[in-house]
Amino acid sequence: MQDICQRIERAYQLFFKHHKKGVRPPGFKKVRKYKSFTLKQAGYKFLGGNRVKIGSKVYQYWNSREIEGKVKTLTIKRTTLGELFMVVVVDNIIDPEVKSETSRIAGFDFGLKMFLTVSDDTKIASPLFFKQSLTAIKKASRQHSQKKKGSANRERARKNLVRRHEDVVNRRYDWFWKLAADLTDRFDVLCFETLNLKGMQRLWGRKISDLAFAEFLQILEWVAQKKNKQVVFIDPWYPSSKTCSNCGHILKELDLSIRQWRCPSCQSVNGRDENAARNIRTVGASTVKLGNVRQALPAIAV
Ligand SMILES: [Zn+2]
């Protein structure tokens, strides 16, 4: 009840704010379209043995990972496949002692061909999961559209199509978690440029959703906090590509197509991405306070 009231409240506030722009008041939603509901303090109880009481009924669930900390909310989600998931948000405060050594600071530059260029001259190529699975998705999509509307065959084809999309998402997440674990093993402080997602979308178009930098950063920040490592974001206006990482000379202009340039001041040859990664490392390192930093972990869903 509490959550539904808040959702309606939110919807009405948006309507009051934007109704002059033609936004319609919130309407009724079909049960079929209802994808989730959230329980706050009351209405559920964890019984142990992977059982939870919701309302007056007891449900058994499969536990994907231990629930650590104080439970804040419980959300039940239904996917497009009709599967039910339980999302638990917990408040978990750990006392990390951030240990950082200057030798273990790295700068990272996101790119299209190379997912990440690291300041120590290593590169991490982007597996374009979506591209790999595109043929399968196209086929599934074609089969779906050929089936008669409302038929059982069409429903089966729809589920097949949803599963193909889910495959991509799952594989991408798996890769992100593994990469985040690897990078936080190798480095103590990880420096990135602040993402300008709207700008990148304009620049690169659809492919950006394929690479999903923002998603990766979210995972990385979480893993880093858990392992007492730091993720640092530098000023988005810092000219990381145009500055020579060797002598600090700043170019007036650098076209996106130029992959390599010779510094007019010190004559060193700079690879575009490698140079940017090194600059991001330098700027990031200058903002880091080395020593112990106490941080509270934000609430996250398990
Ligand atoms: Zn130079």
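Since this is a predicted model, take the numbers as computed values, not measurements.
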Could you pull out all residues at least two apart from Gln60 that satisfy side-chain contact (heavy atoms from CB on, under 4.5 Å)?
Asn50, Arg51
Which value, rounded to the nearest 0.5 Å, describes the distance between [X] atom [atom1] and [Y] atom [atom2]?
X      : Y      : atom1 : atom2 : value
Leu84  : Tyr59  : CG    : OH    : 9.0 Å
Leu161 : His144 : CG    : NE2   : 6.5 Å
Ile280 : Leu190 : CD1   : CG    : 12.0 Å
Met114 : Thr117 : CE    : OG1   : 7.0 Å
Phe37  : Arg7   : CZ    : CZ    : 9.5 Å
Glu221 : Lys226 : CD    : NZ    : 15.5 Å

With [X] via salt bridge (charged side-chain N to carboxylate O under 4.0 Å, His left out) - residues at least two apart:
X      : answer
Asp255 : none
Glu274 : Lys123
Arg78  : none

Treat each ILVMFWY residue as a node, draw an edge where side-chain heavy atoms are under 4.5 Å apart, and state whether [X] and [Y] are in one component.
X      : Y      : value
Phe108 : Ile234 : no
Leu116 : Tyr173 : yes
Val169 : Phe176 : yes
Ile67  : Ile54  : yes

Solution key, residues 17-28 side-chain donor-acceptor pairs under 3.5 Å, sequence neighbours excluded:
unit_1 : atom_1 : unit_2 : atom_2 : d
His18  : ND1    : Lys21  : NZ     : 3.0
His19  : ND1    : Phe16  : O      : 3.0

Does [X] reach the side chain of [Y], with side-chain heavy atoms less than 4.5 Å apart?
X      : Y      : result
Val87  : Leu74  : no
Glu193 : Phe110 : no
Leu179 : Phe216 : yes
Gln260 : Val269 : yes
Val283 : Asp235 : no
Val52  : Met86  : yes
Lys72  : Val88  : no
Ile137 : Val168 : yes

Can you check whether [Y]'s main-chain N or O pairs, donor with acceptor, with [X]'s side chain at less than 3.5 Å?
X      : Y      : value
Thr194 : Phe233 : no
Arg154 : Lys148 : no
Thr184 : Ala180 : yes

Would Cys263 and Asn270 count as a side-chain contact (heavy atoms from CB on, under 4.5 Å) if you check the C-alpha gap in whole Å, the side-chain angles of each, and the deciding distance to 0.1 Å?
CA-CA 7 Å; Cys263 173; Asn270 294 318; 4.2 Å; yes
With a cut-off of 6.0 Å (strictly less than), are more than 12 heavy atoms of other residues, nucleotides or ligands near CD of Gln218?
no
Would you say Lys77 has more than 12 foreign heavy atoms packed within less than 6.0 Å of its NZ?
no
Could you please spell out the steps behind the side-chain hydrogen bond (donor to acceptor under 3.5 Å, both in side chains) verdict for Arg156 and Asn160?
CA-CA 6 Å; Arg156 201 157 42 231; Asn160 184 38; over 6 Å; no
Identify whether the distance between the nearest side-chain nitrogen and carboxylate oxygen of [X] and [Y] falls below 4.0 Å.
X      : Y      : value
Asp182 : Lys178 : no
Arg171 : Asp174 : no
Arg281 : Asp120 : no
Glu155 : Arg158 : yes
Asp109 : Arg272 : no

With sequence neighbours excluded, what pairs up with Ser241 under the side chain to side chain donor-acceptor pair (under 3.5 Å) test?
none
After noting the C-alpha distance and the side-chain angles of Glu253 and Lys242, does the key distance pass the salt bridge (charged side-chain N to carboxylate O under 4.0 Å, His left out) rule?
CA-CA 7 Å; Glu253 255 179 332; Lys242 285 188 278 188; over 6 Å; no
Val90/Lys70 under side-chain contact (heavy atoms from CB on, under 4.5 Å): CA gap, chis, key distance, verdict
CA-CA 5 Å; Val90 294; Lys70 198 166 174 281; over 6 Å; no
Ignoring hydrogens, what is the shortest heavy-atom contact between [X] and [Y]? Give both atom names and the distance.
X      : Y      : result
Ser36  : Thr75  : CB-CG2, 4.1 Å
Val231 : Ala224 : CG2-CB, 3.6 Å
Ile105 : Cys191 : CG2-SG, 4.0 Å
Pro239 : Ile250 : CG-CG2, 4.5 Å
Lys229 : Asp185 : NZ-O, 4.3 Å
His249 : Pro264 : NE2-CG, 3.4 Å

Trace of the side-chain hydrogen bond (donor to acceptor under 3.5 Å, both in side chains) decision for Asn153 with Ser151:
CA-CA 5 Å; Asn153 274 336; Ser151 69; 5.3 Å; no
Does Tyr61 form a side-chain contact (heavy atoms from CB on, under 4.5 Å) with Phe85? I'd like the steps, not just the answer.
CA-CA 9 Å; Tyr61 61 89; Phe85 285 88; over 6 Å; no
Does the separation of the ring centres of Phe192 and Phe213 fall below 6.0 angstrom?
no
Sub-6.0 Å ring centroid separation between Trp175 and Phe115
yes
List the steps and the verdict of side-chain hydrogen bond (donor to acceptor under 3.5 Å, both in side chains) for Thr243 and Arg278.
CA-CA 10 Å; Thr243 307; Arg278 278 196 294 272; over 6 Å; no
Step-by-step side-chain hydrogen bond (donor to acceptor under 3.5 Å, both in side chains) determination, Lys40 to Gln6
CA-CA 11 Å; Lys40 306 228 158 160; Gln6 280 173 359; 2.5 Å; yes
Determine, step by step, whether His165 and Val162 satisfy the side-chain contact (heavy atoms from CB on, under 4.5 Å) criterion, reporting the C-alpha distance in whole Å, the side-chain angles of both residues, the deciding distance to 0.1 Å, and the verdict.
CA-CA 5 Å; His165 278 289; Val162 172; 5.7 Å; no
